[in-house]
Each structure stands twice: as C-alpha cells, then as structure tokens.
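Here's the structure, in structure tokens; my notes come after.
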Amino acid sequence: MTNWFKREKENIKTLTDQKRETPDGLWTKCPSCKKSLHIRQLQDNSYVCPFCDYHHNIGSEEYFQLLLDNNEFTEIAADLTAVDILKFVDTKPYSERITATQKKTNLKDAIRVASGRMNGLEIVIACMDFDFIGGSMGSVVGEKIARAVDYAIENYLALIIISKSGGARMMESAMSLMQMAKTSAKLAILAQHKLPYISLCTNPTTGGVTASFAMLGDINLAEPKALIGFAGPRVIEQTIGKPLPEGFQTAEFLLEHGFLDAIVHRKELKETLTKITRHLLPE
Amino acid sequence: MASVILDFEKPIIELEEKLTLMKKMAEESKLDISGPIKELEAKILQLKKNTYQNLTRWQRVQLSRHPDRPYTLDYVYGLCTDFVELHGDRHIKDDKAIIGGFGTFEGQTVMFIGHQKGRDIKQRQYRNFGMPNPEGYRKALRLMKLAEKFNKPVVTFIDTPGAYPGIEAEERGQGEAIARNLFEMSTLRVPIICIVIGEGASGGALGIGVGDRVLMLENTWYSVISPESCSSILWRSWDYKEQAAEALRLTAKDMLELKLIDGIIKEPLGGAHQDPQGMLKNLRKVLKHQLAELKEIDTDTLVQQRIQKFTSMGVFATE
C-alpha cells in the first residue's frame, strides 16, 4: 500500500546546459503580466510589453540597435578579456566560468563600448550585459570604461553609460573593488574636460556599480521600475529583520528621493538622450 | 590578557599559564628554577613567532576583528595631543560610524578621518558597528574639502565591516555618497594617506580609501566582500568562509603582491592589541616618513600620480 506513495522515478536529471530552449524564440512570455508575446511584437515595441509596459531586460546589442542610427557603430576595445589572476575557485574555477560564459553569450565580458551617431550626433556609448556573470564589474569592465573616457576626450564627444549589473565581480576580489576607484577617477578627468556624461540605470543597477560610475552622471537617468540600489534588497531585509516597503529601490523611489534627474520610457530614450546631450555640449 | 582568545592562540595561552604558575612556585618555594623558566619563555616566544607568521587568511581576518584592537580614535589620540573632533555632514546628521577632525602630528596640522567601532555593547550600537550611513561619507568629504581649502594633508583610517545596508541608507543614497567620495578624492589637491587598521570591507572601506599612499597593518584585510558574504553568495552556505578567505586573497601581503596597496605596517607580535604602544610607534614612524615624502611633491604631480595609480589597476588580456 505505502508503495503507492513512493517515488519510483528519479528527480529530473537534465542539467541546465542540456535543457532544450523553446525553438528559436518565436514566442516569449512577459515576466510581468505573463501574457504570451511574439518576439517580433516585442522588438517592434522597443522590447517593452505592449500589454503592461514592462521593460524587458535587454543587452548591449539591443540598446545599440535602439539608440544608434542605422545600428551603425565601431566597437572600442572589443578584444579585451578577463584574466584569472587570483586563480579563484568557488564551485568552479573562474577561468572556466569565463570561457563557458563567453561561449554561451557570445560576449567577451560584461560591457561593450561603441562610437556611433545618435540622431546624427556623434557619441561614445558603453552598455553593460547582465547575461555575462550578472553584469559584474571586473578589470575588463573598468578598463573598457577607461577607454571610453579616453575616446570621448580625444574626439571631444559626450559619453553615455548604460548600467545593468549586480556589482563588482567577486572572482577578482579587491581588483574588482579598485575598478570603482578607477572608473570614478576617469570620470573626474572627463569632468575636467567639461564633456558631458549621462548615466542610464537599467534593471538592475546595484552594488559597486551604483557606488561608482552609475551615480556619477552629470545627468542620472533610469528606465521605469528598474531596481537601483547599493545593498541588495535581500541583504537589507536580513539586516533589519522586517519586510521592505512597497516600491523600495525602484527608479521611482530614487527619483522621489532626489537621486535621478528623470525616468525615461524606452520608446523615448533616443530622443531624450539626444536632447540632453545637445543641451550639454558647447554651442 | 586579551578578552577574547582565538582558537589558534590556545596553545600559547596554555604555555603562558604554565609559566605564570612556575614563576609563582619559584617565588613561594624559593627554589631556583630560573633555568626552566627561561627555557619556557624561549619556547613561548618561538611558538608565538611560528603561530603568527603562519596564520591562514581566515585567521588573519579573525585577528583583524579582535575586540581589543586599537580603533581610529585610539590611534588619533595616540598620535596627537590637540585633536579637535568635527561633526556633521551639514545636511542630515552626524554619523557616529565615521569620525574626523584636525590634530597636530609631528608639528603639522593633519585632517584625520576614520571609521569608528565601539568597544562595549552600548558603544558598538552607538557606532553602528563601524557601518556608516551616507551622511558618514558626506561628513568625510566635507572634512576633506575643508582640509583642501586650508592646505592640510588628510589621513584616513579604514576599519569597517561595510557600509550599512538599511532602508534610510538607501533613501539617502548610500551608492551616490560612496561614488562621490571616490570621484572627489581622486582629484583632491592635498596629500591623502589611507591606512587599513582592521577590516576593509568593500565599497564601505573604499569610500574613504582613495589616496596617494594606501597602507595596511599586517593583520588586516581588504576585499570586495567579506569572506562570510562571499561564502553565502558563491557557495550558497555560510560554511565556506575559510575557503572564501583563501580565494579572495585579502591579506595585506596578498594586496601588496597584487600591487593594489603601497605598503604594509608591521604589527607587534600577536597583533596590534598585544602592544598598542608598540603599534603606535610603528605607525608614527611610517606616517611621519610618508607625509614628509608627499609634502615634497607639487600638487599637480601629486594628483596626476594618484589618478595614474588607480587608473592603471586591473589585469586583462587582449585576444
């Protein structure tokens, strides 16, 4: 009798990387309103859900396509890759993690830098990719931002950085931590040249990225409902031992508390960025 | 004797107790056992040297948190006789987890700023366990700007388990406050010396840590995250803190090898708390030397070298 309750089959044994994705994503589900969406429908709507206005998480490829005229751009420092200088091993070696992530995402690291035109205006733009180890900042992210600043100074251009990151990359320990100082020092030099820096915080922007370049824009912008903060919500909840208020650490919360200049809908992003950049550049 | 004895210190304590007993016995019985006493003393010294020179990274973390270690104000009052503490960020309040003020050190006025921990339960709460809120970083920046205006060098003492993760801290922009300090410190037009005296946890430490010289006391740590939090995130359990400490390469020696700091200040045998006066002497000597060296550099070069140092940090490859 009791055998009825015994599980005879083993648990699901398919490893995550062996799982088959749905055939080349023609359909997707909005994580917010759970409605089914055709990929094309989403693309045509700037990756914003046409039903609930949820801003889907996208990467550098999509942002460059949304912001740069005819999706034409030159990538800067595209060949930089991470080095496992600490020989860091957690559940797997960092070096293996890098190679596996590069293969999976077709990205070199968690940020890409490009120069191109936005409504005819030449700009340099850096955009983080959350798919690459949580958009974490290690030496490569720091160096690419440094190169973006150099490029902006050499060519007298405005700089835009789109942040999307869990923070500094643990596998590079203090080396990652120092990227906060590095990027901030670079932005201080950009400021001395009186060139504009616009920061766009997207979902999520947390940790060492928030505590460095993401909050240092001449203009700080964010996408609607993006999670933005220094400490992660779970850590705060654990520390204070009570649930967090509704809407805590959202873009709207930061705007209300004075840390953002504006929240910009993704469909208006290109126009707004262009307007602001034109205001900031000398006549 | 220390109020807290760490596991690896127990064999030393046992021998020390034995020594006390032997000395007492010698006194009471008037027997001459000075030979064996000397032998034991030598044995203890040897054991101490062996123990403290071969600590694991996690053991150093434990030592850096020893409740008897000198804190910022102990060093400040030890280094100068006329320290004047200055309070407040001029916006919200006075953060007790960061202190600052002017004091005369070796004949010149210096702005001292540092994380402050408390010693008993009440003091610990008062100091919020050395975890600053945004106003702490903003107070620090106000004081640095004050030092810049009056052309006084800045010395910061780093000793924090991290910036405070709380609701108000986020409301008042913890991330922005730290970021602003990194930005402003990189171009501040007076010499800055930063010294890790205990825990150097992440952005909360770096928020007062951008300087011309960054030094660490021998038994301290500096990392992007504490070993405990690293363990909980990467191993999804609190039990891997020792492995995490090893992986993070967070000791003063590691940091110097990685060229992320400029030097190590030696601690007395067994740690700063075993001989605070000896520690102060070492610190005074290094600080005096470094301040004199930085004073010789003209301001433009100083700032340029500071920026150069931090912007060249990082290791990467080109494919």
Side-chain angles (χ1 to χ4, degrees), chain A residues 79-83 85-86 88-91 108 138-140 142-143 146 168-189 191-192 206-208 210-216 228-232 235-236 239-240 244-245 248-249 253-254 257-259, chain B residues 134 162-167 169-187 200 202-207 209-210 222-225 229-231 233-236 240 243-244 247-250 254-255 258 260-261 306-307 310-319:
Chain A
D79 56 350
L80 298 191
T81 56
V83 174
I85 185 173
L86 304 181
F88 193 100
V89 181
D90 51 273
T91 49
K108 287 272 165 57
S139 296
V140 172
E143 180 65 15
R169 188 174 296 170
M170 270 177 276
M171 301 83 172
E172 291 183 35
S173 192
M175 200 69 89
S176 303
L177 180 67
M178 295 307 161
Q179 302 310 308
M180 292 168 63
K182 174 171 177 166
T183 52
S184 304
K186 272 287 178 182
L187 290 171
I189 303 172
Q192 285 174 346
T206 59
T210 303
S212 60
F213 59 84
M215 279 292 135
L216 289 174
I228 307 162
F230 174 65
V235 176
I236 299 172
T239 308
I240 63 171
L244 300 171
F248 181 63
Q249 293 184 314
F253 174 92
L254 266 87
H257 285 92
F259 292 97
Chain B
Y164 187 64
I167 291 184
E170 295 292 319
E171 281 175 349
R172 297 198 286 267
Q174 187 76 284
E176 195 275 344
I178 293 171
R180 187 63 50 201
N181 282 17
L182 306 182
F183 183 91
E184 295 290 344
M185 286 181 89
S186 60
T187 56
S202 195
L206 188 64
V210 178
Y222 203 169
S223 161
V224 71
I225 191 166
S229 303
C230 181
S231 162
I233 294 173
L234 292 182
W235 281 268
R236 304 196 178 277
Y240 294 85
Q243 279 100 314
L248 287 167
R249 304 270 302 270
L250 40 58
D254 292 326
M255 289 291 285
L258 292 165
L260 297 176
I261 60 164
R306 189 188 309 147
I307 289 175
F310 281 94
T311 53
S312 56
M313 285 178 186
V315 176
F316 46 84
T318 42
E319 257 183 9

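Source: prediction; values computed, not measured. Letters A, B, ... mirror the listed sequences (proteins, then strands); counts begin at 1.
- Among T187(B), I233(B), D254(B), L182(B), the residue making the largest number of heavy-atom pairs under 4.5 Å with chain A is L182(B).
- Under the 4.5 Å side-chain criterion, counting only non-hydrogen atoms from C-beta, E171(B) is in contact with F253(A).
- Note: I236(A) leads T91(A), L187(A), I236(A) in heavy-atom pairs under 4.5 Å with chain B.
- Using a 4.5 Å cut-off between heavy atoms, L250(B) does not touch chain A at all.
- The contact between I189(A) and chain B is made entirely by side chain atoms (from C-beta outward), counting heavy-atom distances below 4.5 Å.
- If you measure heavy-atom distances from Y164(B) to chain A, the contacts under 4.5 Å come from the side chain alone.
- Of the atoms belonging to R306(B), not a single heavy atom falls under 4.5 Å from chain A.
- Using modelled atom types, one side-chain atom of S139(A) and one backbone atom of V315(B) make a donor-acceptor pair closer than 3.5 Å.
- Looking at S202(B), both its backbone and its side chain come within 4.5 Å of chain A, counting heavy atoms on both sides.
- Heavy atoms of A146(A) lying under 4.5 Å from chain B are absent altogether.
- No part of A214(A) comes within reach of chain B, as not one of its non-hydrogen atoms sits under 4.5 angstrom from that chain.
- Between I178(B) and M215(A), the closest side-chain pair of non-hydrogen atoms is not below 4.5 Å.
- For M185(B), no part lies under 4.5 angstrom from a heavy atom of chain A.
- Of all the heavy atoms in G166(B) and F248(A), the pair that sits closest is O-CZ, 4.5 Å.
- Closest approach of A247(B) to F88(A), counting heavy atoms only: O-CD1, 3.3 Å.
- The minimum heavy-atom distance linking D90(A) with W235(B) is given by the pair CA-CZ2, 3.4 Å.
- Qualifying salt bridge (Lys or Arg N to Asp or Glu O under 4.0 Å) partners for E170(B), counting only residues two or more places apart in sequence or in other chains: none.
- With a threshold of 4.5 angstrom between heavy atoms, L80(A) approaches chain B through its backbone and through its side chain.
- Residue E319(B) touches chain A through both its backbone and its side chain, counting heavy-atom pairs closer than 4.5 Å.
- Of all the heavy atoms in T311(B) and K186(A), the pair that sits closest is CG2-CG, 3.9 Å.
- L206(B) touches chain A through its side chain: at least one heavy atom from C-beta onward sits under 4.5 Å away, while N, CA, C and O do not.
- Of the atoms belonging to I225(B), it is side-chain heavy atoms, and not backbone ones, that fall under 4.5 Å from chain A.
- Remark: the backbone N or O of M313(B) is paired with a side-chain donor or acceptor of K182(A) at under 3.5 angstrom.
- Residues Y222(B) and A174(A) approach most closely at O-CB, 4.2 Å, considering heavy atoms.
- In terms of the salt bridge (Lys or Arg N to Asp or Glu O under 4.0 Å) criterion, residue partners of E184(B) (sequence neighbours excluded) are, by chain and number, K145(B).
- Considering all non-hydrogen atoms of both residues, A181(A) and V210(B) come closest at CB-CG2, 4.1 Å.
- No other option in A205(B), G314(B), P165(B), S186(B) has as many heavy-atom pairs under 4.5 Å with chain A as P165(B).
- When L258(B), V224(B), L260(B) are each tested for a side-chain contact (heavy atoms from CB on, under 4.5 Å) with M178(A), only one passes: L260(B).
- Of the listed residues G173(B), G203(B), S312(B), the one with more heavy-atom pairs under 4.5 angstrom with chain A than any other is G173(B).
- Between chain B and the options V235(A), T81(A), T210(A), L244(A), the largest number of non-hydrogen pairs under 4.5 Å is found for T81(A).
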